[in-house]
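Below, read A as the first sequence line, B as the second, and so on, with proteins coming before strands; counting in each chain starts at 1.
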There are 2 protein chains.
Amino acid sequence: MPVAVNSEETYFQIGEAADRTRLTQRTLRYYEEKGLLKSPSRMDGGFRLYSREDVERLERIKEFKDLLGFSLAEIREMLDAEDLRLQTRSEWRRDADASEKAAKIGVVRGMTLQQMSLLDDKMKKMATMRGELAERVDKYDSLLAQWAETAGKERTGWASTSGETATKCSVAPMSIPAACG
Amino acid sequence: MPVAVNSEETYFQIGEAADRTRLTQRTLRYYEEKGLLKSPSRMDGGFRLYSREDVERLERIKEFKDLLGFSLAEIREMLDAEDLRLQTRSEWRRDADASEKAAKIGVVRGMTLQQMSLLDDKMKKMATMRGELAERVDKYDSLLAQWAETAGKERTGWASTSGETATKCSVAPMSIPAACG
DNA sequence: AGAAACATTGACGTTCGCGTTAACGTTGAG
DNA sequence: CTCAACGTTAACGCGAACGTCAATGTTTCT
């Protein structure tokens, strides 16, 4: 059960944080050790207390790893960028100088753009690969269709052995995958 | 220099193969050891000779690794699938039974679809991430614009410090990246 | 034939990303 | 107070994916 410290802020011990993120306790400690997570607060006895934000951050780390196959070092960089973003935002009001604000925002914006172009790059290449695969599938289909024709009435019933996962989305070589879900 | 063995077939020693693929010799031997590459032919003295196909395969392996962050084991699976595909194709003519052909094609088609859905999955998630990033950039832009307005004539000239990589593609949250290159 | 350049097979070393165990402290329910 | 459940640090272990010698053989150029 989540631990309520005071008022309405909920914190989680390492066990629950691990459960929620589907990571292990060891992994959480490891990420902390590697600086991917700012050291979480502790209770009097020394038990770690993870905030909601901490948990969210962990979930993001997981996405970065699983989805993009980034190393922890790379992920750290991306997260550092984001930290700067948040820090910038919190300092926004009390920041005296004017052009300084703009400069900071510019930096953050630049980093965000870099991350985007990195994503674009990967997506583009993946789209290319997908296109090649789709071409093949089409080729198989027409091959099978043509075959079924020459075979006359005898329906072959080739319901491809296992999971028909990417249902029928094989055509349209370059269409956005979001449109296929 | 590439080594011409006979007639028009060109082969490469490990050094050049490594250069071309931007991998190390060690890596090539390692991949061979791990079965990602069928053992290349050798010259009399025992030197490895890589064919064009071998080099292409190596390049594909690299793409899989860098682009998708797959483990070598996973890559091996994908490549095995492709091997089956080629094998199927070469056996196509001399294969006697009819429904057997269809079955084989069905299997290969199924594997291809699986790979596609895997790609789709990743691309979809990446598109989501990209969308979030784009939103941020837009927010920064409007913030800066609004700021420049209130500041009157004094143009701040905030040409974001470094590489403006993802040029202007920040809007259109879900557009296919290929359209942005 | 001799030397430089390139390759071969071990075999040990390294970094990453955790898993696992040990020995011990904390918390919360009864 | 006691005891199970949960947490802590420290340390060693492990598989993946190579890096890095070292000792030896091969090719090629002159």
Side-chain angles (χ1 to χ4, degrees), chain A residues 1-6 10-37 39-51 54-55 58 60-79, chain B residues 1-6 10-37 39-51 54-55 58 60-79:
Chain A
M1 302 84 185
V3 180
V5 165
N6 54 5
T10 32
Y11 286 85
F12 310 98
Q13 287 186 220
I14 200 172
E16 240 209 288
D19 287 352
R20 290 188 173 237
T21 57
R22 313 279 269 167
L23 297 168
T24 71
Q25 305 189 6
R26 175 68 172 100
T27 301
L28 297 204
R29 297 196 189 101
Y30 182 69
Y31 286 175
E32 181 184 343
E33 183 186 326
K34 288 295 165 183
L36 279 89
L37 209 63
S39 303
S41 49
R42 306 279 187 126
M43 13 197 304
D44 289 4
F47 285 21
R48 263 163 269 247
L49 285 181
Y50 294 88
S51 70
D54 289 335
V55 173
L58 285 167
R60 302 255 306 294
I61 293 176
K62 214 185 157 201
E63 279 281 282
F64 277 120
K65 242 187 70 74
D66 298 349
L67 178 55
L68 307 177
F70 284 178
S71 72
L72 294 189
E74 288 169 317
I75 296 176
R76 190 164 136 65
E77 279 187 61
M78 314 255 312
L79 291 178
Chain B
M1 302 85 182
V3 180
V5 165
N6 55 5
T10 33
Y11 286 85
F12 310 98
Q13 287 186 226
I14 199 172
E16 240 209 287
D19 287 351
R20 290 188 173 239
T21 57
R22 313 278 271 166
L23 297 168
T24 70
Q25 305 188 7
R26 175 66 172 100
T27 301
L28 297 203
R29 296 195 189 102
Y30 182 69
Y31 285 176
E32 180 184 344
E33 184 185 326
K34 288 296 165 180
L36 279 89
L37 210 63
S39 303
S41 49
R42 307 278 187 129
M43 14 197 303
D44 290 4
F47 285 22
R48 263 163 269 247
L49 285 181
Y50 294 88
S51 70
D54 290 335
V55 173
L58 285 167
R60 300 255 308 293
I61 293 175
K62 215 186 157 201
E63 279 281 282
F64 277 121
K65 243 186 70 73
D66 298 349
L67 179 56
L68 306 178
F70 284 178
S71 72
L72 295 189
E74 290 170 315
I75 296 176
R76 191 163 137 63
E77 278 187 62
M78 314 255 313
L79 292 178

With respect to the phosphate group of D/dC6, does any side-chain polar atom (N or O) of A/Gln13 fall under 4.0 Å of OP1 or OP2? no
Any donor and acceptor pair, going by atom type alone, linking the side chain of B/Asp19 with main-chain N or O of B/Glu16 inside 3.5 Å? no
Using only side-chain N and O atoms of A/Arg42, determine if any of them is under 4.0 Å from OP1 or OP2 of C/dT27. no
Gap between atoms CZ and P, on B/Phe47 and D/dT26 respectively (whole Å): 8 Å
With sequence neighbours left out, the residues meeting side chain to side chain contact (heavy atoms under 4.5 Å, CB included) with B/Glu77 are none
Provide, to the nearest angstrom, the distance between the OH atom belonging to A/Tyr50 and the P atom belonging to D/dC6. 16 Å
Between P on D/dC6 and CZ on A/Phe12, what's the gap in Å once rounded to a whole number? 17 Å
Does D/dT8 have its OP1 or OP2 closer than 4.0 Å to a side-chain nitrogen or oxygen of A/Arg48? yes
Acceptor/donor pairs from residues 60-68 of chain A side chains to any protein atom, 3.5 angstrom cut, sequence neighbours excluded:
unit_1: A/Arg60; atom_1: NH1; unit_2: A/Glu82; atom_2: OE2; d: 3.2
unit_1: A/Arg60; atom_1: NH2; unit_2: A/Glu82; atom_2: OE1; d: 2.8
unit_1: A/Arg60; atom_1: NH2; unit_2: A/Glu82; atom_2: OE2; d: 2.7
unit_1: A/Lys62; atom_1: NZ; unit_2: A/Thr21; atom_2: O; d: 3.4

Run the side chain to side chain contact (heavy atoms under 4.5 Å, CB included) test against B/Ile14 and tell me which residues pass, sequence neighbours left out. B/Gln25, B/Leu28, B/Arg29, B/Arg48, B/Tyr50
Report the distance from atom CZ of A/Phe64 to atom C1' of C/dG17, rounded to the nearest whole Å. 18 Å
Rounded to whole Å, how long is the line connecting atom CG of A/Asp19 with atom C1' of D/dA5? 14 Å
Pick out which of B/Leu36, B/Leu37, B/Thr27 makes a side chain to side chain contact (heavy atoms under 4.5 Å, CB included) with B/Leu58. B/Leu37
Walking DNA chain D from its 5' end, the first of B/Lys65 and B/Gly45 to be reached, judged by nearest nucleotide, is B/Lys65
With sequence neighbours excluded, tell me which residues meet side-chain hydrogen bond (donor to acceptor under 3.5 Å, both in side chains) with A/Arg26. none
Within residues 68-78 of chain B, residues whose heavy atoms come under 4.0 Å of DNA chain D: B/Ser71, B/Leu72
Among residues at least two apart in sequence or on other chains, which ones pass side-chain hydrogen bond (donor to acceptor under 3.5 Å, both in side chains) with B/Ser41? none
Any non-hydrogen side-chain atom of B/Arg42 less than 4.5 Å from a side-chain atom of B/Leu49? no
Tell me: CG of A/Leu58 to C1' of C/dG17, nearest whole Å? 15 Å
Who passes salt bridge (charged side-chain N to carboxylate O under 4.0 Å, His left out) against A/Arg22, sequence neighbours left out? none
Specify the separation, in whole Å, of atom CG of A/Asp66 and atom C1' of C/dC18. 14 Å
How many whole angstroms separate atom CG of B/Leu49 from atom P of D/dT26? 15 Å
Can you sort out which residues in residues 22-35 of chain A have a heavy atom within less than 4.0 Å of DNA chain C? Ascending by number, please. A/Thr24, A/Arg26, A/Thr27, A/Tyr30, A/Tyr31
